[in-house]
Amino acid sequence: MLAVAASSAQFKRAEGAAPSGGEADATFRVDVNVVNIFAYNVENREGRIVNTLSKEDFEIIDNGKPREIQYFSRQSDLPLSIGLLIDTSMSQRGVLDEEREASRRFLKEVLRPEQDSAFVIKFDAEVELLQDLTASKPLLEEALSALRTPEPALQRRLQSPLAASPFQVGVGIPIPGGRSRRGGNGGRRGGGARTGGGGRTIPAGIGTALYDAVYLASDEVLAKQRGRKAVLILSDGVDFGSKVSQAAAIEAAHRADTLVYSVLYVDENGPARGGRMAGRMPDGRKTLESLSRPSRGALFEVSTKKSLSAIYAQIQEDLRNQYSLGFAPETGTGPAFRKLELRVRDKQLKVQAREGYYPRPA
């Protein structure tokens, strides 16, 4: 059932979002069965980044068994594929301009010419690929300029009473006051009005398909890429109406070897804070932390003490200070999730890396 629900969540592709030239090289997939681990934030006790380690300084434990490290490199020579997943639902309308400008500066600084690439996804009731993977900064700028919250007519609809209306019709977080069920037909995210629990109709255009966005970014874009991969989620962390579950989104990120960063940015004047839904919303911080933690990504929160630009600078430092390690997994173990532990032999150092992987089919 989960596979059926997951396959029904599809991108709405914006005009001009087609892959750039040379995409055949970017989607090359290595046939050798190797598990890749990206180690980052290797720090000493003083919190300083350590970027001079060698293969002998690490050890890998795969489902309780040590594995030989067969491939090792520092991150500087590896391509980076990064996706910006930006929440454009009504709850974010007051912070969208800052998100747009900070994202422009981030991509300008982090992407290396002819080596790195990025894509831009917006999500509200629909998940829309505004720009597919590209190294073109002008195309990425154009995609960021296209970020918009829903139309004014929808804004007026959102301000009208919707007592006990179950926004959630996917398999994500249920909203108090209504039941949830799986989404219906496939096709693009969103579309016409939907029916929630108890036969109540949810108006078209209402929703925040956070889990769908993570799933599609991982499964349809990043799973095809090699090298370092990451997604950056900018959202208040509330999911309404995704067709896939949080667990499916996390699994897709695992299978794509994708690092998930989450940036919690709450519009304090938005409907989730001052409107009739105040106090009834799911915990966005907990949601975003659950999405980031399995990949050993990080959750950040925009505040008066930490700006979005400062958070982007920290993420940029993480991405520039990584090690890539690879090993051959045990064969014939089946498709079940396997736990990984990456250790630094020097006990004075600490490291972050993903918590496990799904074996590739034989």
Side-chain angles (χ1 to χ4, degrees), residues 1-10 26-40 55 58-73 78 81 83 170-173 182-183 186 210-231 239 242-261 287 289-297 322-344 351-362:
M1 291 296 292
L2 179 59
V4 174
S7 65
S8 68
Q10 299 176 4
T27 58
F28 173 74
R29 302 188 70 171
V30 179
D31 291 331
V32 180
N33 189 11
V34 173
V35 176
N36 293 306
I37 309 174
F38 291 99
Y40 73 107
K55 179 174 73 172
F58 293 91
E59 58 180 339
I60 295 173
I61 308 299
D62 172 21
N63 251 24
K65 298 180 181 179
R67 298 292 181 204
E68 178 186 357
I69 299 174
Q70 297 176 303
Y71 304 92
F72 177 88
S73 70
L78 296 173
S81 300
V171 287
I173 299 175
R182 295 185 184 275
L210 169 59
Y211 300 152
D212 285 355
V214 174
Y215 180 92
L216 292 166
S218 302
D219 186 68
E220 292 197 13
V221 182
L222 291 173
K224 304 172 185 177
Q225 309 309 313
R226 55 176 176 155
R228 297 175 299 136
K229 295 174 277 189
V231 295
D239 181 278
S242 280
K243 291 189 175 183
V244 302
S245 66
Q246 183 185 88
I250 292 170
E251 180 177 332
H254 267 308
R255 292 186 182 280
D257 299 339
T258 296
L259 191 63
V260 179
Y261 289 99
T287 297
E289 185 178 29
S290 296
L291 289 170
S292 295
R293 186 180 61 250
S295 71
R296 289 299 186 263
Q322 293 180 343
Y323 299 90
S324 174
L325 302 94
F327 70 94
E330 184 179 357
T331 59
T333 59
F337 184 77
R338 296 177 65 86
K339 291 185 178 181
L340 276 178
E341 185 179 359
L342 181 65
R343 301 172 181 170
V344 185
V351 62
Q352 294 190 58
R354 61 181 171 136
E355 64 181 20
Y357 69 100
Y358 287 91
R360 290 178 59 185

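Residue numbers start at 1 and run along the sequence shown. This one's a predicted model, so the numbers in the text were calculated from it and none came from an experiment.
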Nearest heavy-atom contact between A39 and L325 is CB-CD1, 4.1 Å

Does this structure show an ion pair linking R343 with E341, if we count only N-O contacts that are shorter than 4.0 Å? yes

Quickly, which of L259, L291, T258 forms a side chain to side chain contact (heavy atoms under 4.5 Å, CB included) with V231? Name it, please. T258

For G326 and V34, which heavy atoms make the closest approach, and how far apart are they? CA-CG1, 4.0 Å

For the atom pair CG (L340) and CZ (R354), what is the distance rounded to the nearest 0.5 Å? 6.0 Å

Tell me if a side-chain donor or acceptor on Q70 pairs with a main-chain N or O of A328 at a distance below 3.5 Å. yes

S218 side chain to A256 backbone, donor-acceptor under 3.5 Å: no

Give a yes or no on whether a salt bridge exists between R293 and E355, defined as a side-chain N under 4.0 angstrom from a carboxylate O. no

Minimum-distance pair of heavy atoms, taken over all atoms of P359 and P335: CD-O, 3.9 Å

State, yes or no, whether a side-chain contact exists between P329 and R338 at a heavy-atom distance under 4.5 Å. no

Straight-line distance of I250 CD1 to F337 CZ, nearest 0.5 Å: 10.0 Å

Report the distance from atom CZ of R228 to atom CD of Q322, rounding to the nearest 0.5 Å. 5.0 Å

Distance from F327 atom CZ to Y357 atom OH, nearest 0.5 Å? 4.5 Å

Do S81 side-chain atoms and K229 backbone N/O form a donor-acceptor pair below 3.5 Å? no

Here the gap from D239 atom CG to D212 atom CG, rounded to the nearest 0.5 Å, amounts to 7.0 Å

To the nearest 0.5 Å, what is the distance between CD1 (I61) and NZ (K339)? 14.0 Å

Indicate the atoms forming the closest heavy-atom contact of Y215 with A248, along with that distance. CD1-O, 3.6 Å

Report yes or no: do Y71 and N36 form a side-chain donor-acceptor pair below 3.5 Å? no

H254 vs Y358 aromatic rings, parallel, tilted or perpendicular, using cut-offs 30° and 60°? perpendicular

